[in-house]
*Asks:* 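Can you keep this structure in mind? I'll have questions shortly.
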Amino acid sequence: MPRRHANPYVPHDWAPHEKPAILGSPSTPIHSTPKRIAYGIVGLLVCLTGTLGNAVVTANLQLLQGTFAAWSTEIAWLPAVYVMTNVSINLLLVKFRQQFGLRAFTEGFLVLYVLVTFFHLFVNDLSSALMVRAAHGMVAAALSSLGIYYQVQAWPARHRLKALTIGITGSSLAIPLARLFSTELLQIDEWRGLYFFELGLALVSLACVIALKLPPSDRKKVFEKKDFITFFLLAPGMALVTAVLSLGRLDWWFEAPWIGWALAGAVVLIVSAIAFEHNRSNPLLNIKWLSSGSILRLGLIMLLIRIVLAEQNTGVIGWLQYVGLQNEQMTNLAWSIFAGIVCGIVASCLTLNPQRLYWPTATALALIMVASLLDSQSTILTRPEQLMFSQFLLGFGSAFFLAPAMLAGIGGVIADQRNLVSFSVLFGMSQNIGGLLGSAILGTFQTWREKFHSSQLADQLTTLNPLITERLQQYSQMYQSQIGDSTLLNVQAAALLQNAATLQANILAYNDTYLLTAAISAATLVWVFWRLIRLRITARIALKRATGSK
């Protein structure tokens, strides 16, 4: 163990193999095999704690809407508030870890999370539910880093990339897991069953991180007063963007005045933060680095992939919920997604190569495109059994690209550790804001296409068409024994026909949405290949020039 100092900001005397790679990250001493296994288990538990509670709530929003007697626009604030605090706290988390240590932040907010969740069990109120989600968002930001650090301790140095892959992608298992057992939780005590589980998970994680501590790390005074000016400008700006993306489709973009005001406020706040940071000598966010070509391309690729991956929840799950299926009827589909994510994690661990980080991204895009094309053949009779293979591919792609995408930006962080906050914010925004943006784009596109197909089908619903007349007669015969009045019988038949047309219009709109995600995936894939070819050509030209000069 290194020699300790009375002053915590004096660097430790590390052995060569123990020295932390980045300021604020734990050292890496050699552990016994049982302790490595314990670190791996706790790391996975911590990752799931950061996302599983919110995933369980998101998977049961319709039930919670009834429980809290809330409108759809009100209940949508639950996942929105989680993203707001999760994205914003990343601005301070890295420097907090570097100055005070990650454990102080994590344990403090885990205790806050436990207390808020505990007292929410006694209050059947939407406001207290929002407080739980806000606390969970902050805790999740810390737990995502903590899970990675625990995984790093679980693996020897030669397998450090595998540890990073598991730590980065482990949290993605939460979404399918939430649909596997949340129904049983609801049977315990309705909505309180969800929060009892969330409380228990937080308590177990708190006990584990206290019992199995991470090795010490170097600490340094890094906070500046101006950092908080940036935070108080950028955090509310990103919160406004999150609110617009979460509720814009529900309130509709051009009908709710608050959307325009929120976007205007977000632009003012975010631009002010960027201008303030750009002129600082030691900025919290390195705007020059973030605006460089390589980082912009990396952020855009991560954003585009997260947009097309929104097809899984907004598209397939949205369609199945529209036709009335509940979580317990989608268990096999959830298992398929879970298996795809696990296979993606394993494949990423086995194939990850720092010299070829673009290829996993290209592979993930190709799989997403194939899955979207398969889903675009859906009909009114399509159910989870017909969607299992495509969702397996989507689950695989979502896990396979994540670790290489993050590692692609680590080089700039290691070269200059001042970029760590910038990269943390970039990665968090691309995943959280990207997911919301994907849901907003795909959901809006589906609504627009549904109106289009409804108008097209309405033009064909005429009694001059013998097929329509025959269908109306069939509907009339279904209710003839229950409705004696011929006028009411005709009205009922017409209503059933209209419902059938609406259902058909929706499935056509969902198919169009799947085709849109396939098109975005294909365009992004072409762009990635173009970049790879261009880099290879540039490298060959440089090699020829260097050879010729000799």
Side-chain angles (χ1 to χ4, degrees), residues 51 54-55 58 61 73 76-88 90 137 140-141 172 175 234-254 256 258-260 262-267 269-271 274 290 295-318 361 364-365 368-369 372 394 397-398 401-402 405-406 424-449 509-510 512-524 527:
T51 53
N54 187 64
T58 303
L61 274 183
T73 51
W77 280 102
L78 287 179
V81 167
Y82 171 87
V83 175
M84 285 179 184
T85 55
N86 186 269
V87 172
S88 300
N90 276 321
S172 58
I175 296 176
L234 202 55
M238 291 190 294
L240 290 172
V241 172
T242 300
V244 169
L245 293 177
S246 299
L247 283 88
R249 180 166 57 99
L250 300 176
D251 282 338
W252 203 246
W253 308 100
F254 304 110
W258 73 267
I259 294 177
L263 286 176
V267 169
L269 290 168
I270 293 174
V271 170
I274 292 173
L290 285 173
I295 298 302
L296 284 177
R297 285 190 293 270
L298 174 63
L300 183 58
I301 288 174
M302 290 192 294
L303 185 68
L304 289 172
I305 293 180
R306 186 51 62 187
I307 288 173
V308 295
L309 285 173
E311 182 216 315
Q312 198 159 70
N313 288 320
T314 303
V316 169
I317 301 297
T361 302
L365 285 167
I368 294 169
M369 182 179 65
S372 299
L394 275 176
S398 67
F401 96 96
L402 200 55
M406 187 171 185
S424 177
V425 172
L426 172 69
F427 190 81
M429 288 184 64
S430 68
Q431 300 307 298
N432 289 301
I433 303 296
L436 292 178
L437 182 61
S439 297
I441 292 174
L442 299 185
T444 302
F445 183 79
Q446 190 275 332
T447 301
W448 172 58
R449 294 301 294 174
Y510 275 107
D512 291 344
T513 304
Y514 303 145
L515 289 174
L516 174 64
T517 59
I520 296 175
S521 302
T524 309
W527 179 39

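Given the structure is predicted, the values throughout are model-derived calculations rather than measurements. Values below: every heavy atom of this structure, side chains too, minus hydrogens, waters and symmetry copies.
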*Asks:* In Å and rounded to the nearest 0.5 Å, what is the OG1 to CD1 distance from T314 to I307?
*Replies:*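 CD1 of I307 is found 11.5 Å from OG1 of T314.
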
*Asks:* Which heavy atom in A140 sits nearest to a heavy atom in N86, and how many Å separate them?
*Replies:*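 In terms of heavy atoms, the two residues are closest at CB-ND2, 3.5 Å.
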
*Asks:* As an exercise, state the distance from OH of Y510 to CG of L515, rounded to the nearest 0.5 Å.
*Replies:*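 Answer for the OH-CG pair, Y510 versus L515, is 15.0 Å.
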
*Asks:* Should we say atom CH2 of W252 is surrounded by more than 12 heavy atoms from elsewhere, each under 6.0 Å from it?
*Replies:*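 More than 12 heavy atoms, drawn from other residues, nucleotides or ligands, come within 6.0 Å of this atom.
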
*Asks:* How far does CZ of R306 sit from CG of N432, to the nearest 0.5 angstrom?
*Replies:*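 The CG atom of N432 is 8.5 Å from CZ of R306, to the nearest 0.5 Å.
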
*Asks:* Could you check whether any side-chain N or O of T444 sits under 3.5 Å from a backbone N or O of I441, counting only pairs where one atom can act as donor and the other as acceptor?
*Replies:*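 Not a single qualifying donor-acceptor pair exists.
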
*Asks:* How close do A440 and L245 get, counting heavy atoms only, and between which atoms?
*Replies:*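 Closest pair (atom of A440, atom of L245, distance): CB-O, 3.7 Å.
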
*Asks:* Taking all non-hydrogen atoms of both residues, which atom of D251 and which atom of A256 are closest, and how far apart?
*Replies:*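 Looking at all heavy atoms of both residues, the closest pair is CB-CB, 3.8 Å.
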
*Asks:* Verify, without hydrogens or angle tests, whether T517 (side chain) and Y514 (backbone) share a donor-acceptor contact under 3.5 angstrom.
*Replies:*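 Side chain of T517 to backbone of Y514: a pair is present.
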
*Asks:* L365 versus W527: any side-chain heavy-atom pair under 4.5 Å?
*Replies:*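 L365 vs W527: side chains apart.
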
*Asks:* To check you understand the geometry: which heavy-atom pair defines the closest contact between T242 and A80, and what is its length?
*Replies:*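 It is CG2-O, 3.5 Å.
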
*Asks:* Between M369 and A522, what is the shortest heavy-atom contact and its length?
*Replies:*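 That closest heavy-atom pairing would be SD-CB, 3.5 Å.
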
*Asks:* For the atom pair CG (L436) and CG (L247), what is the distance rounded to the nearest 0.5 Å?
*Replies:*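 Interatomic distance, L436 CG to L247 CG, rounded to 0.5 Å: 10.0 Å.
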
*Asks:* Identify the two heavy atoms, one from G265 and one from L240, that lie closest to each other, and give their separation to 0.1 Å.
*Replies:*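 Taking G265 first and L240 second, the nearest heavy atoms are C-CD1, 3.9 Å.
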
